[in-house]
Amino acid sequence: MHILVVHDYGPLGKVLLERLRETHLQVSPLLVSDPASADLSGLDHWIPEDTDLIVNALWQADPELAEGDPDGTKTAVFSLPVAMAEYAREHGMALFQLSSCYVFDGRKQSGYITSNPGQPVNELGNWQWECEQALRGLLPRHIILRTGWSLGRFIRKVHESTRAGEVLALPGRWVGQPVAVRDLARVMTAVMLQLDCGAEVWGTYQYAGAEEISLYELGLAIAGLPGIPEGMRVVDQVPAWANLEPMNTTMICTKIRNTFGIKPLPWRSWLVEELDMLKQAEGEEAAVLVR
């Protein structure tokens, strides 16, 4: 199976490509440096004719960034995936699309299952839900994978507050499940390997790391990592950006386990590595600026 991995400069594309190259799968990368301004008319030039599966690894998991650029968010989260789905339908290809827990409004008292309808409360979730709905109508041969919180996003919040010498406010009543980049790449690879075996298991799935946690407790866990100064303070308060966060983003991930045999791994196992990845990325950015 020939897989085209569409990615940006974020860590998921790099980690996913590294993992896929360890398999027998034929993999081609396609770098989209700025998904928010992608030329949707150029798909004929981007996508090889013998592609079997387009994997959209442009992971959008930060509602704050999305809220600040609604037009760019629509292009990256909705218009680009829908254009790829239309191209895939016309050329007999399948599509693997990422979504997130932000399609839900957080009012449910228990975990969300895949069949629960989306009722997003922010720009990111709105376009991810619209994208999901469009893909279901356009392309029967699709995989939609909803993910939990980006673990790296909250590590970055703690890290930035440390450098600024600020107290970090995180709400104790907001709950969900983080997912690490390397764990997400593991899950995506496992799905692709079973698709390569001819499994007809198209549809919507959910994955997040094992263990539900509040944002406040997550902040405390991150603040206790080696490399984070001991004086870092996390307080149980509601910051202004919390209005973009559903109070409950816990997802039930039994469908992906029952279908693909993929079990959630503890997100705590990836904390140190995610912090290291963040510092490495910052170092690379600083080196580019020096040049």
Side chain to side chain contact (heavy atoms under 4.5 Å, CB included) assessment of Leu151 paired with Val179: CA-CA 5 Å; Leu151 181 58; Val179 61; over 6 Å; no
Audit row: Trp59, Thr147, side chain to side chain donor-acceptor pair (under 3.5 Å) steps and yes/no: CA-CA 9 Å; Trp59 189 28; Thr147 69; 3.0 Å; yes
Side chain to side chain donor-acceptor pair (under 3.5 Å) between His7 and Asn56, worked out: CA-CA 7 Å; His7 67 101; Asn56 184 6; over 6 Å; no
Step-by-step side chain to side chain contact (heavy atoms under 4.5 Å, CB included) determination, Thr189 to Thr23: CA-CA 9 Å; Thr189 300; Thr23 71; 4.1 Å; yes
Stepwise side chain to side chain donor-acceptor pair (under 3.5 Å) test for Thr250 and Glu212: CA-CA 7 Å; Thr250 303; Glu212 176 187 308; 3.1 Å; yes
Candidate pair Trp174 and Ser214, rule side chain to side chain donor-acceptor pair (under 3.5 Å), full reasoning: CA-CA 5 Å; Trp174 275 246; Ser214 73; over 6 Å; no
Worked check of side chain to side chain contact (heavy atoms under 4.5 Å, CB included) between Leu16 and Val55: CA-CA 10 Å; Leu16 179 61; Val55 177; 4.2 Å; yes
Val181/Met277 under side chain to side chain contact (heavy atoms under 4.5 Å, CB included): CA gap, chis, key distance, verdict: CA-CA 10 Å; Val181 164; Met277 288 174 63; 4.1 Å; yes
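Interatomic distance, CZ of Phe96 versus CD1 of Ile54, reported as 13.5 Å (0.5 Å rounding). Distance check: Cys197 SG to Met192 CE gives 13.5 Å after rounding to the nearest 0.5 Å. A distance of 11.0 Å separates CD of Gln60 from OG of Ser99, quoted to the nearest 0.5 Å. Rounding to the nearest 0.5 angstrom, the gap separating the CG atom in Leu30 from the CD1 atom in Ile47 is 7.5 Å. Atoms CZ and CE, on Arg173 and Met247 in that order, are 4.0 Å from each other to the nearest 0.5 Å. To the nearest 0.5 Å, atom CZ of residue Arg257 and atom CD1 of residue Ile252 are 10.0 Å apart.
No donor-acceptor pair under 3.5 Å is formed between the side chain of Asn248 and the backbone N or O of Gly106. Here the side chain of Thr75 pairs a donor or acceptor atom with the backbone of Asp71 at under 3.5 angstrom. Panel note: side chain Gln194, backbone Phe260; a donor-acceptor pair is recorded below 3.5 Å. In terms of modelled atom types and a separation under 3.5 Å, the side chain of His142 and the main chain of Leu139 share a donor-acceptor contact. Although no hydrogens or angles enter the test, the distance criterion places a donor-acceptor pair under 3.5 Å between the side chain of Ser269 and the main chain of Pro266. Panel note: side chain Asp236, backbone Gly172; a donor-acceptor pair is recorded below 3.5 Å. Between the Lys108 side chain and the Gly111 main chain, a donor and an acceptor come within less than 3.5 Å of each other. Between the side chain of His159 and the backbone N or O of Ile155 there is no donor-acceptor pair closer than 3.5 Å. Judged by distance alone, the side chain of Glu123 and the main-chain N or O of Ala66 form no donor-acceptor pair under 3.5 Å. With hydrogens and angles disregarded, a donor-acceptor distance shorter than 3.5 Å links the side chain of Asn116 to the backbone of Ile113.
Ring-plane geometry between Tyr112 and Phe104 is classed as parallel, the angle between the planes falling under 30 degrees on a 0 to 90 degree scale with a further cut at 60.
When all heavy atoms of Ile213 and Pro178 are compared, the closest pair comes out as CG2-CD, 4.1 Å. What you find for Pro140 and Trp202 is that their closest heavy atoms are O-CB, 3.5 Å. Pairing each heavy atom of Pro264 with each of Gly209, the nearest pair is CB-C, 4.4 Å. Residues Ala57 and Val5 approach most closely at CB-CG1, 4.1 Å, considering heavy atoms. Contact detail for Val121 and Pro246: the closest heavy-atom pair is CG2-CG, 4.0 Å. Of all heavy-atom pairs spanning Ser37 and Asp34, the tightest one is OG-OD2, 2.7 Å.
Under the 4.5 Å side-chain heavy-atom criterion for grouping Ile, Leu, Val, Met, Phe, Trp and Tyr, Val234 is connected to Val272 within one hydrophobic cluster. Cluster membership for Leu218 and Leu184, using ILVMFWY side-chain heavy atoms within less than 4.5 angstrom, is shared. There is a path of hydrophobic side-chain contacts, each under 4.5 Å, that joins Leu271 to Tyr216. Under the 4.5 Å side-chain heavy-atom criterion for grouping Ile, Leu, Val, Met, Phe, Trp and Tyr, Leu80 is not connected to Tyr9 through any hydrophobic cluster. By the rule that hydrophobic residues join a cluster once side-chain heavy atoms approach within less than 4.5 Å of another member, Val235 and Leu170 end up as members of separate clusters.
Within a 6.0 Å sphere centred on CD of Glu49, other residues, nucleotides and ligands contribute 12 heavy atoms or fewer. The number of heavy atoms from other shown groups lying within 6.0 Å of CZ (Arg107) does not exceed 12.
Residues Leu145 and Val191 form no side-chain contact, since every pair of their non-hydrogen atoms from C-beta on lies 4.5 Å or further apart. Within the 4.5 Å cutoff, side-chain heavy atoms of Ile228 are placed close to those of Leu275. Between Leu98 and Leu12, some side-chain heavy-atom pair lies under the 4.5 Å cut-off.
Remark: the Tyr102 side chain and the Glu245 side chain contain an N/O donor-acceptor pair separated by less than 3.5 Å. Side chain to side chain, His2 and Asp50 meet the donor-acceptor criterion of an N or O pair below 3.5 Å. Using modelled atom types, one finds a donor on one side chain and an acceptor on the other under 3.5 Å when comparing Ser100 with Gln128.
Every salt bridge (Lys or Arg N to Asp or Glu O under 4.0 Å) that Glu132 has, sequence neighbours left out, goes to Arg136, Arg146. Applying the salt bridge (Lys or Arg N to Asp or Glu O under 4.0 Å) criterion to Arg186, with sequence neighbours excluded, gives Asp183.
Legend: salt bridge (Lys or Arg N to Asp or Glu O under 4.0 Å) pairs involving residues 220-234, not counting sequence neighbours: none detected.
Using a 4.0 Å cut-off between charged nitrogen and carboxylate oxygen, Glu64 and Arg156 do not count as a salt-bridge pair.
The one candidate from Trp267, Tyr207, Phe154 that meets the ring-ring contact (aromatic ring centres under 6.0 Å, His included) condition with Trp149 is Phe154.
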